[in-house]
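Remember, predicted model here, so these are calculated numbers, not experimental data.
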Amino acid sequence: MSQQLELSIVDQSPVRAGGTSGDALRETIELAVAAEGFGYRRYWVAEHHSIANFAGTSPEILTGQIASRTNTIRVGTGGVMLSHYSSFKVAENFRVLEALYPGRIDLGIGRAPGSDQLTAAALTYPGQPRDISHFPRQIVDLLGHLSGTLDEGHPFVTVKAGPALSTIPEVWLLGSRQESAFMAAQLGLPFAYAHFFGLGVEDGPRIVEAYRKNFRPSEYLSKPKANVGVHVVCAETEEEAMRQASSRNLGRLYSVTGRAKGIPTVEEALNYSYQANESAYIEQYRRLCVDGDPQQVKERLDELSELYQTPDLSIVTICHRFEDRARSYHLVAQACGIAEP
């Protein structure tokens, strides 16, 4: 595409090996302040539970902390896992945020559990985990509670979500599969595709295009709006970027094999003895990521923008050292023309 890239950030609040969850959360806030200065459009925080690599268990609280320390950047969630919660309570949480920071709050909603099944059960105990088949109804109810437009026959039509507002947060549906894209299209909502999940990304452009083709204009959005999230590590040289990314890669391997203990150091990653199947997994995973020097990263992001037919990309950067992570975001912003050199 010939359009200028529009860059945002999705932050999973990675925990460094040897660091603490408190460090990770404070670094998320510090990075958000820096990102506003770098020229990023949005800053979204994720929801994960019972996962050693990530500290972000309560994105609504973290969103408020970030919004209170920034001034112009949009802040929100990527995303709230709605299947665990009451639509009414989520609506009230975000009406509070919108009341405090009007015109700056995004509510990204996901349908995945953000955890294993036992943890998902703990989130609803002593009630029963909700069947995912209820998710479409939860989304419709959430929109109704946010906007005060529940159907007349709804059992809670007389229950008014507070506080009173003149604006509502911008609601996005997030996902990596056709179901979420189709739901976003039918409800007239923006859609964020998680390319960085690494699940069936060969179908990603088709899923995003199907969202556009099936989009129905709504009171929330007049035409389709798609965002694509991508893993990126950028450094001054390709060699240094690959070196830094090695900590992310080993952290990913530890996570999928049940050994997660925080994002390992570069030294541990470089000295790790990969078995053949582990090397094959990492090689496949790396192909989904955009790692390199600023020019290489810019070129690859332009290619993805063309592939998905959207200038709206979100960057997910994970590596061991916070300073390297912040530097990566700055270099990307400069290379893509959203920040001053």
Do [X] and [Y] sit within salt-bridge range, that is, some charged N less than 4.0 Å from a carboxylate O?
X	Y	result
Glu179	Arg177	no
Asp11	Arg325	yes
Lys225	Glu170	yes
Glu236	Arg327	yes
Glu92	Arg95	no
Arg243	Glu267	yes

If you define the side chain from C-beta out and look only at heavy atoms, does anything of [X] sit under 4.5 Å from [Y]?
X	Y	answer
Ile139	Ile109	yes
Arg286	Tyr281	no
His49	Phe54	no
Gln334	Pro294	no
Arg212	Val208	yes
Tyr308	Glu209	no
Leu253	Asn249	no
Val230	Phe196	no

Exercise. By side chain to side chain contact (heavy atoms under 4.5 Å, CB included), which residues pair with Ala280, not counting sequence neighbours?
Worked result: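 Testing Ala280 for side chain to side chain contact (heavy atoms under 4.5 Å, CB included), a comparison that skips the adjacent residues, returns none.
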For this session: Report the residues that fulfil side chain to side chain contact (heavy atoms under 4.5 Å, CB included) with Leu100, sequence neighbours left out, ordered by chain and then residue number.
Result: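 If we apply the side chain to side chain contact (heavy atoms under 4.5 Å, CB included) test to Leu100, skipping adjacent residues, the hits are Val96.
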Between [X] and [Y] (side chain of the first, backbone of the second, donor and acceptor by atom type, cut-off under 3.5 Å), is there such a pair?
X	Y	value
Asn53	Gly262	yes
Ser255	Gly251	no
Gln244	Val233	no
Asp151	Gly153	no

For this session: Please step through side-chain contact (heavy atoms from CB on, under 4.5 Å) for the pair His195 and His231, ending with a clear verdict.
Result: CA-CA 8 Å; His195 180 94; His231 267 306; over 6 Å; no
Under the side-chain hydrogen bond (donor to acceptor under 3.5 Å, both in side chains) test, residues paired with [X] that sit two or more places apart:
X	value
Ser13	Thr28
Ser8	Arg42
His320	none
Ser166	none

Which pairs would a plain distance check flag for residues 184-192, meaning a side-chain donor or acceptor within less than 3.5 Å of a matching protein atom at least two apart in sequence or in another chain?
unit_1	atom_1	unit_2	atom_2	d
Gln186	OE1	Arg216	NE	3.1
Gln186	OE1	Arg216	NH1	3.1
Gln186	OE1	Arg216	NH2	2.9
Gln186	NE2	Asn214	O	3.4

For this session: With sequence neighbours left out, write down each residue that passes ring pair (Phe, Tyr, Trp, His ring centres under 6.0 Å) with Tyr329, or none if nothing qualifies.
Result: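 So Tyr329 forms a ring pair (Phe, Tyr, Trp, His ring centres under 6.0 Å) with Tyr40.
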Problem set entry | All ring pair (Phe, Tyr, Trp, His ring centres under 6.0 Å) counterparts of Phe156, not counting sequence neighbours |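 If we apply the ring pair (Phe, Tyr, Trp, His ring centres under 6.0 Å) test to Phe156, skipping adjacent residues, the hits are His154.
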Exercise. Yes or no on side-chain contact (heavy atoms from CB on, under 4.5 Å) for Val201 and Tyr193, after CA distance, side-chain angles and deciding distance?
Worked result: CA-CA 10 Å; Val201 295; Tyr193 176 74; 4.1 Å; yes
Exercise. Where do Ala181 and Ile207 come nearest, in terms of heavy atoms and distance?
Worked result: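 Distance-wise, the nearest heavy atoms are CB-CG2, 3.6 Å.
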For this session: Locate the shortest heavy-atom distance separating Ser328 from Val232; write the atom from each residue and the value.
Result: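 Where Ser328 meets Val232 most closely, the heavy atoms are OG-O, 4.3 Å.
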Exercise. Tell me the salt bridge (Lys or Arg N to Asp or Glu O under 4.0 Å) pairs involving residues 60-89, sequence neighbours left out?
Worked result: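 Sorted result for residues 60-89: Arg74-Asp106.
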Problem set entry | Steps toward side-chain hydrogen bond (donor to acceptor under 3.5 Å, both in side chains) verdict (Thr20, Asp23) | CA-CA 5 Å; Thr20 68; Asp23 294 334; 3.2 Å; yes
Exercise. Step by step, would you call Tyr272 with Glu278 a side-chain hydrogen bond (donor to acceptor under 3.5 Å, both in side chains)?
Worked result: CA-CA 11 Å; Tyr272 182 83; Glu278 293 176 333; 3.1 Å; yes
Problem set entry | Criterion side-chain hydrogen bond (donor to acceptor under 3.5 Å, both in side chains) on Thr57 and Glu47, from CA distance to verdict | CA-CA 5 Å; Thr57 58; Glu47 176 180 341; over 6 Å; no
For this session: Please go through Leu270's hydrophobic cluster and name the other residues, only I, L, V, M, F, W, Y counting, with side-chain heavy atoms under 4.5 Å joining them.
Result: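 Leu270 shares its hydrophobic cluster with Val266.
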Exercise. Which residue pairs satisfy the ring-ring contact (aromatic ring centres under 6.0 Å, His included) criterion with at least one member in residues 160-186, sequence neighbours excluded?
Worked result: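 Residue pairs passing ring-ring contact (aromatic ring centres under 6.0 Å, His included), neighbours aside: Trp44-Trp172.
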Could you tell me if [Y] and [X] have a donor-acceptor pair between their side chains, going purely by distance under 3.5 Å?
X	Y	answer
Glu238	Gln296	yes
Thr72	Glu36	yes
Arg104	Thr70	yes

For this session: May I ask you to check whether over 12 heavy atoms, not counting those of Glu152, lie within 6.0 Å of atom CD?
Result: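 Result for CD/Glu152: open.
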For this session: Verify the neighbour count for atom CD of Gln128: are there more than 12 heavy atoms of other residues, nucleotides or ligands below 6.0 Å?
Result: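 No, because the 6.0 Å sphere around CD of Gln128 holds 12 heavy atoms or fewer from other groups.
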Exercise. Can you list the steps and then say if Asp291 with Arg300 is a salt bridge (Lys or Arg N to Asp or Glu O under 4.0 Å)?
Worked result: CA-CA 9 Å; Asp291 305 325; Arg300 182 60 180 140; over 6 Å; no
For this session: Evaluate the ring planes of His330 and Phe38, with Trp represented by its six-membered ring, and classify them as parallel (under 30°), tilted (30 to 60°) or perpendicular (over 60°).
Result: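 His330 and Phe38: parallel rings.
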For this session: Using side-chain hydrogen bond (donor to acceptor under 3.5 Å, both in side chains) as the criterion, point out the one residue from Arg137, Gln138, His145 that pairs with Asp141.
Result: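 The passing option is Arg137.
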